[in-house]
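Let me begin by presenting the structure, written as structure tokens, before commenting on it.
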Amino acid sequence: MALQIYNTLTGKKEEFVPLEPGRVKMYVCGITVYDLCHIGHARSAIVFDVICRFLADLGYQVSYVRNFTDIDDKILRRAGAEGVDYRTIAKRFIQAFHEDMDALGLLPPAMEPLATDHIPEMLEIVRRLVEKGVAYKAGTDVYFSVERFPGYGKLSGRDLEDMVAGARVEVDENKRNPMDFVLWKGSKPGEPTWESPWGPGRPGWHIECSAMAAKYLGAPFDIHGGGKDLVFPHHENEIAQAEAAFGTSFARYWVHNGFVNINNEKMSKSLGNFITIRDVLESVHPESLRLFVISKHYRSPVDFSDDTVGEAERGLERLYATVEAAQERSAKDGHADYPDDALKKQDVELYEKLESLPVLFYEAMNNDFNTAQAVGYIFALQRNLQRFLDKFGRKNLKGPSARLAARSADSLVKHCRVMGLLMLEPEAFFEGQRKLKLKTTGISEEELSDLIAQRHKARAEKNFAEADRIRKQLEEKRIQLEDSPEGTKWRVSLQPIIA
RNA sequence: GGCGGCAUACCCAAGUGGCAAGGGAGCGGUCUGCAAAACCGUUAUACAGCGGUUCAAAUCCGCUUGCCGCCUCCA
């Protein structure tokens with residue numbers, strides 16, 4: 001089955017046909033850089049990262065552009081509050097954004113343009129719109145006249161009359177229609193300003209994305225993405241400006257991700273349920289957050305809680321643990337090849353899961369990036385593989401058994417990596433996980449190994465009361481000890497994130 | 001007020017006409033000094049409710065209820 005993408009513009013899943021064979025041009029609205037990013041931004045970034053990786057996996061060359069809005073009221077307000085230049089604020093949060101995205105393991109876009117570097121391109125669009133009579137100057141501002149663009153409302157599925165009737169926008173004497181939106185704002189004293197044919201000022205928000213997308217991808221381009229909340233007015237306005245100015249369609253497929261909620265409510269500063277990416281990554285592995293995100297369909301809202309993130313984390317650990325065990329125990333014999341029949345004889349169910357995973361995986365992903373279903377298929381293989389390994393106790397696998405286990409592990413890794421998961425060697429993952437988790441308990445590695453050694457001694461002396469006392473002491477710090485033939489291992493349970 | 005979305009087991013969640021994926025938690029068992037992990041078994045005659053279409057519906061249509069989002073900056 002060919003790739004199907006749900007297109008907000010038509011409200012339907014459509015077969016994806018790129019404008020240029022073998023190439024996908026994708027623009028995703030980035031952030032306004034005035035504060036740290038929260039987990040809603042993380043979801044959006046992860047969703048489009050997975051889309052990007054999947055398209056690349058299908059063989060497309062992906063041109064991915066994501067902008068920064070680096071001039072805006074909120075940036076100016078913060079700059080004013082701190083008594084610094086707005087560029088200082090923008091620079092600080094662009095850097096923070098990059099740190100967060102790197103920490104999340106996201107592929108960098110091909111291009112990350114800044115709004116303020118594209119004022120001439122924006123002015124050119126405004127010029128064309130004014131020339132065509134679709135925009136007008138009023139006072140010190142230039143507005144887009146929604147009545148002059150017949151398609152206005154087509155993305156968000158509203159018509160102009162309804163919008164005007166229910167409009168909650170401020171009445172502005174300058175506007176001909178309450179829904180008209182600003183393209184160019186006359187600057188107030190002390191604000192950053194650029195020269196223009198309509199007087200000194202700065203660009204409106206929507207014009208940036210139209211200008212940068214058109215510059216780097218041309219119009220029309222293939223995919224335009226962003227959060228659901230951008231559908232109206234931002235994307236609606238982008239379409240209006242760009243199509244009116246260029247006389248062509250703007251973007252073919254409009255893709256919008258759902259929100260992250262906390263306790264079933266949208267995250268917002270006023271509700272005090274605002275969680276930054278940094279807050280989460282302090283105690284949660286980035287791939288856990290990724291698995292959490294892709295366990296849900298990208299268009300559905302997702303509720304973030306300690307429980308649901310913890311579930312994702314345990315799932316990820318099991319995935320890594322199974323892969324590690326399979327790799328280790330098939331290391332010797334896993335590379336020799338055997339006929340399919342010989343492998344199948346080892347474990348019919350595992351063999352069938354292994355054979356069917358590629359088909360099912362691509363079927364799910366091709367169906368509007370159904371990562372949740374794809375993850376389900378991956379866990380089905382993981383479960384069968386783990387069960388197979390357990391049949392052999394702790395022994396290493398030989399011959400066709402080793403080969404079957406090795407191939408299953410390879411398949412898990414390969415398919416997970418298409419979604420940006422299982423990117424680490426298991427050993428490195430667990431090492432990182434131990435360090436990260438231990439840090440949240442306030443116990444040092446030395447203290448812990450001392451306590452484990454003490455307990456080991458107590459156990460050797462059959463002083464189980466003392467051994468259990470130490471175990472309990474550590475459990476209070478969320479550290480769980482696991483005795484195994486290879487010695488005592490430990491794991492740390494999740495530190496609550498939500499207060 | 002206008003527009004849109006969602007409702008599947010204890011929890012999370014996939015499934016858009018033909019035997020209800022997957023994960024987590026629970027319970028019983030194997031293993032273990034005890035635990036934990038892992039494995040085995042088990043947990044929806046059923047998909048908010050009512051009505052309709054169909055040989056066949058969680059899936060399509062209508063109505064009802066509940067929750068959420070957008071309409072103002074917002075991923």
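Just so it is clear: chains get the letters A, B, ... in the order the sequence lines come, proteins before strands, and each one is counted from 1. This one's a predicted model, so the numbers in the text were calculated from it and none came from an experiment.
Pair check for B/C10 finds B/G24; Watson-Crick or G-U wobble, both atom distances under 3.5 Å. For B/U30, the paired base is B/A38 (Watson-Crick or G-U wobble, both distances below 3.5 Å). The nucleotide B/G62 finds its pairing partner in B/C50, both defining distances of the Watson-Crick or G-U wobble pair being shorter than 3.5 Å. Pair check for B/G4 finds B/C68; Watson-Crick or G-U wobble, both atom distances under 3.5 Å.
Both tests pass for A/Arg158 against the ring of A/Phe232: distance under 6.0 Å to the centre and angle within 45° of the axis.
Residue contacts shown for A/His256 are absent, as no nucleic acid heavy atom lies under 4.0 Å away. Counting non-hydrogen atoms under 4.0 angstrom, A/Gly226 reaches the backbone sugars and phosphates but no base. At the heavy-atom level, A/Phe464 lies under 4.0 Å from base atoms of the strands shown. Across all strands shown, A/Arg314 has heavy atoms under 4.0 Å from sugar-phosphate atoms exclusively, and none from any base. Counting any heavy atom pair closer than 4.0 Å across all strands shown, A/Gly227 reaches sugar-phosphate atoms only and no base atom. The residue A/Gly11 sits apart from the nucleic acid: no heavy atom pair falls under 4.0 Å. When heavy atoms are screened at a 4.0 angstrom cut-off, A/Arg299 is found touching no nucleic acid atom at all. Residue contacts shown for A/Leu481 include a base, since a base heavy atom lies under 4.0 Å away. If you check every strand for non-hydrogen atoms under 4.0 Å, A/Arg77 touches nothing.
Residue order along RNA chain B, read from the 5' end via each residue's closest nucleotide, puts A/Lys13 first among A/Val260 and A/Lys13. Both A/Ala380 and A/Glu482 lie close to RNA chain B; mapped to their nearest nucleotides by heavy-atom distance, the more 5′-ward contact belongs to A/Ala380.
Closest contact between the side chain of A/Thr32 and the listed nucleotides B/A75, B/G33, B/C12 involves B/A75. Among the nucleotides B/A36, B/A75, B/G33, the one closest to the side chain of A/Gln480 is B/A36. With distances taken from any side-chain atom of A/Gln386 to the nucleotides B/A35, B/G24, B/A38, the minimum falls on B/A38. For A/Lys266, taking side-chain heavy atoms from C-beta onward, the closest of the listed nucleotides B/G33, B/A38, B/G69 is B/G69. With distances taken from any side-chain atom of A/Phe232 to the nucleotides B/G33, B/C70, B/A75, the minimum falls on B/C70. When distances run from any side-chain atom of A/Asp468 to the nucleotides B/G24, B/G33, B/A75, the shortest one goes to B/G33. Among the nucleotides B/G33, B/A25, B/A75, the one closest to any side-chain atom of A/Asp229 is B/A75.
The phosphate of B/G15 has OP1 or OP2 within less than 4.0 Å of a side-chain N or O from A/Asn370. Side-chain nitrogen and oxygen atoms of A/Arg318 include at least one within less than 4.0 Å of the OP1 or OP2 phosphate oxygen of B/G24.
Between the side chain of A/Asp306 and the backbone N or O of A/Ile497, at least one donor-acceptor pair lies under 3.5 Å. Remark: side-chain polar atoms of A/Ser288 are not paired, donor with acceptor, to backbone N or O of A/Ala312 under 3.5 angstrom. Counting only distance, with no hydrogens or angles, the side chain of A/Arg78 and the backbone of A/Tyr34 share a donor-acceptor pair below 3.5 Å.
With hydrogens and angles left out, the side chain of A/Asp483 and the base of B/C34 share a donor-acceptor pair within 3.5 Å. The base of B/A35 sits within donor-acceptor range of the side chain of A/Arg471, with an N or O pair under 3.5 Å. A donor-acceptor contact under 3.5 angstrom links the side-chain atoms of A/Glu311 to the base of B/G23.
No salt bridge links A/Lys353 with A/Asp347; every basic N to acidic carboxylate O contact stays at or beyond 4.0 Å.
With rounding to the nearest 0.5 angstrom, the CZ atom of A/Arg202 is 5.5 Å from the CD1 atom of A/Ile71.
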